[in-house]
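Please read the structure below before turning to the comments.
Below, read A as the first sequence line, B as the second, and so on, with proteins coming before strands; counting in each chain starts at 1. Keep in mind that the numbers below use all heavy atoms, side chains included, and drop hydrogens, waters and symmetry copies.
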There are 2 protein chains.
Amino acid sequence: MAERDDTEKQPVHKRGYGVSTVYETLRNEIIELKLAPGSPVDEQQLSDRFALSRTPIREALVRLAAEGLITTLTNRTTIVSNIDFLGLGEFFDALTLMYRVTTRLAAANHQASDIDGIRALQLQFQTAVEARDVLGMIATNRDFHVAIAEAGRNRYYTDLFTRLLDQGRRILRLYYSSFNDVLPRQYVGEHEDMIQAIINRDIDGADKLAAAHADQIVSQIRSYITADNRQTARLPL
Amino acid sequence: MAERDDTEKQPVHKRGYGVSTVYETLRNEIIELKLAPGSPVDEQQLSDRFALSRTPIREALVRLAAEGLITTLTNRTTIVSNIDFLGLGEFFDALTLMYRVTTRLAAANHQASDIDGIRALQLQFQTAVEARDVLGMIATNRDFHVAIAEAGRNRYYTDLFTRLLDQGRRILRLYYSSFNDVLPRQYVGEHEDMIQAIINRDIDGADKLAAAHADQIVSQIRSYITADNRQTARLPL
DNA sequence: TGCCGACTTCGTGTCGACAATAAAAATACA
DNA sequence: TGTATTTTTATTGTCGACACGAAGTCGGCA
């Protein structure tokens, strides 16, 4: 689909920042599906592109592999990890639990200053919705929930949740064309309710809202997938 | 305390298995506190020890850093990560939740064959308890719960839980000298109850048992730590 | 004698090259 | 013409060496 011809060279790196640059760049491109799942990741190609030797490239790839974003076949090749549709059940389960836990903890542990950041991101999300900027919605929605997780002050949950949300971004992007506007608008309202519950330190309320929110998103994705499947099933044979 | 003079050389590696050997060896030594938290990790030294060039060593270190087991100070040195006593609250919270979730899911999703593996590990744990083999207890207890998590069939929970349990092993080892036998014996019984609940597919029962089990362990560790603190507080000044 | 700056040293970050390995291509054979 | 075997090729895994950066060290100056 999308060509990867936009290989701009970024020649100058400070010593020690080469790997993290490569890591972050590739990470973004994988999450934003600029690099298609299953597509091969060539070390020499990246070496040329970033004007770095293969050693720092490799270290970045090792980090990406540790996060499961790429898969390395020993001695042969490394590819962008495929989206595991069979494991989607596990994914949704974990995602829902993390939505709930992080929102609960935010209600319990947040400090006043956290709210400002959350509010700002909610505003960004809202403007993205109004502008019908689907990609922006996906990104800002992610940031909004990460901010809530950080207000909850449990790094273990935040780490797992962030990884799950980023995984989710890959899936959402696959289906973003089918977005309509009624759901996103609803999300704005749900976000608003969640913020209120957090401010009121209403832990159980926050939990319930988060659970409902998660269910919304999960069933939305599920419906996209089954709709997609139906299309394939209708293919003339 | 323990010297790290036992640096045996392992010269022969199959191509591609060098890094994983280094990774696993170091990982074990860190978790088992053979490498003290805060102690420096020298690449050249490891290079000599494993009879490998620094490149594969480095890749192993990157993986360890991604898991948080070591900390790399850019351009300077890399050390074995310190145990974060201030973040212990977060740790216990996440640990408890994962105990509950994995046991719940095991009750819901296990297959008959899983039970055999769990039973075998429970037996190992029991023999370690009877032999008063504290180190064995810590290790087999970990394996027992990992097996339950795997029977629950959610890789996201299993991953996080495994990491948490391994972190916990470092903490437990710090205090293993203060172990008495009454608690471990109690754990054997609690494990037995958990297995029964899982077999009966009693999800809520499994949850409750896991929660109680986790609380036991957490309060045990907490009491060790506070006892330790009291000692320091009693120091003559 | 105490503080500031150049120098030395040690270890990491990066590089280019070589070796091994597995897939693909080419060849031989039935 | 189809299949088994050898050869080629592309790409990874590993290596030894160099270069940069930060501590610690030493000497100069007030």
Side-chain angles (χ1 to χ4, degrees), chain A residues 4 7 9-27 30 35-82, chain B residues 4 7 9-27 30 35-82:
Chain A
R4 280 173 264 108
T7 57
K9 291 206 179 190
Q10 292 121 303
V12 271
H13 299 286
K14 269 187 186 168
R15 179 188 176 82
Y17 286 79
V19 280
S20 44
T21 309
V22 176
Y23 168 77
E24 281 159 22
T25 307
L26 288 184
R27 179 189 160 76
I30 292 172
L35 268 57
S39 65
V41 178
D42 189 272
E43 294 178 5
Q44 291 192 137
Q45 207 167 298
L46 292 173
S47 177
D48 293 344
R49 173 175 169 199
F50 288 96
L52 283 168
S53 117
R54 271 180 52 230
T55 313
I57 303 285
R58 254 169 153 275
E59 292 190 7
L61 293 185
V62 169
R63 283 177 66 180
L64 289 169
E67 279 187 63
L69 289 173
I70 64 174
T71 311
T72 72
L73 293 321
T74 317
N75 261 321
R76 201 54 211 143
T77 183
T78 95
I79 58 171
V80 178
S81 293
N82 283 305
Chain B
R4 359 195 181 82
T7 57
K9 292 207 176 187
Q10 292 121 304
V12 272
H13 299 286
K14 267 188 185 167
R15 179 189 175 83
Y17 286 79
V19 280
S20 44
T21 309
V22 176
Y23 168 76
E24 282 160 21
T25 308
L26 288 184
R27 179 189 158 77
I30 292 172
L35 293 164
S39 64
V41 178
D42 189 275
E43 294 179 5
Q44 294 190 131
Q45 207 167 300
L46 292 173
S47 178
D48 294 344
R49 171 173 171 200
F50 288 96
L52 283 168
S53 116
R54 271 179 52 228
T55 312
I57 303 284
R58 250 164 159 280
E59 292 190 7
L61 293 185
V62 170
R63 283 177 66 183
L64 290 169
E67 280 187 62
L69 289 174
I70 64 174
T71 310
T72 72
L73 294 320
T74 316
N75 261 321
R76 200 59 210 137
T77 182
T78 94
I79 58 170
V80 177
S81 292
N82 283 306

Would you kindly give the CZ-to-C1' distance between B/R54 and C/dC10, to the nearest whole Å?
12 Å

In whole angstrom, what separates B/Q44's CD from D/dC15's C1'?
14 Å

Taking the side chain as everything from C-beta on, heavy atoms only, tell me whether A/E43 gets closer than 4.5 Å to A/S47.
no

First encountered from the 5' end of DNA chain D, between A/T55 and B/R15:
B/R15

Integer-rounded Å distance: C/dG11 C1' and B/L61 CG:
13 Å

Any side-chain heavy atom of A/V22 within less than 4.5 Å of one from A/L52?
yes

OP1 or OP2 of D/dT14 under 4.0 Å from side-chain N/O of B/S53:
no

Rounded to whole angstrom units, what separation is found between the CG atom of A/N75 and the P atom of C/dT21?
7 Å

Length of the CG-C1' vector between A/L73 and D/dA10, whole Å:
15 Å

Base of D/dT11, side chain of A/R76 - is there a donor-acceptor contact under 3.5 Å?
no

Decide yes or no for B/L46 and B/L26: does some side-chain heavy atom of the first lie under 4.5 Å from some side-chain heavy atom of the second?
yes

What is the distance, rounded to the nearest whole Å, between atom CD1 of A/I79 and atom C1' of D/dT11?
15 Å

Whole angstrom value for the distance that separates P of D/dT14 from OH of B/Y17
11 Å

Given side chains that start at C-beta, do those of A/T25 and A/R49 come closer than 4.5 Å, heavy atoms only?
yes

Heavy atoms only, 4.0 Å cut-off, all strands: where does B/E43 land among base, sugar-phosphate and nothing?
sugar-phosphate

Between P on D/dT14 and CD on B/E59, what's the gap in Å once rounded to a whole number?
7 Å

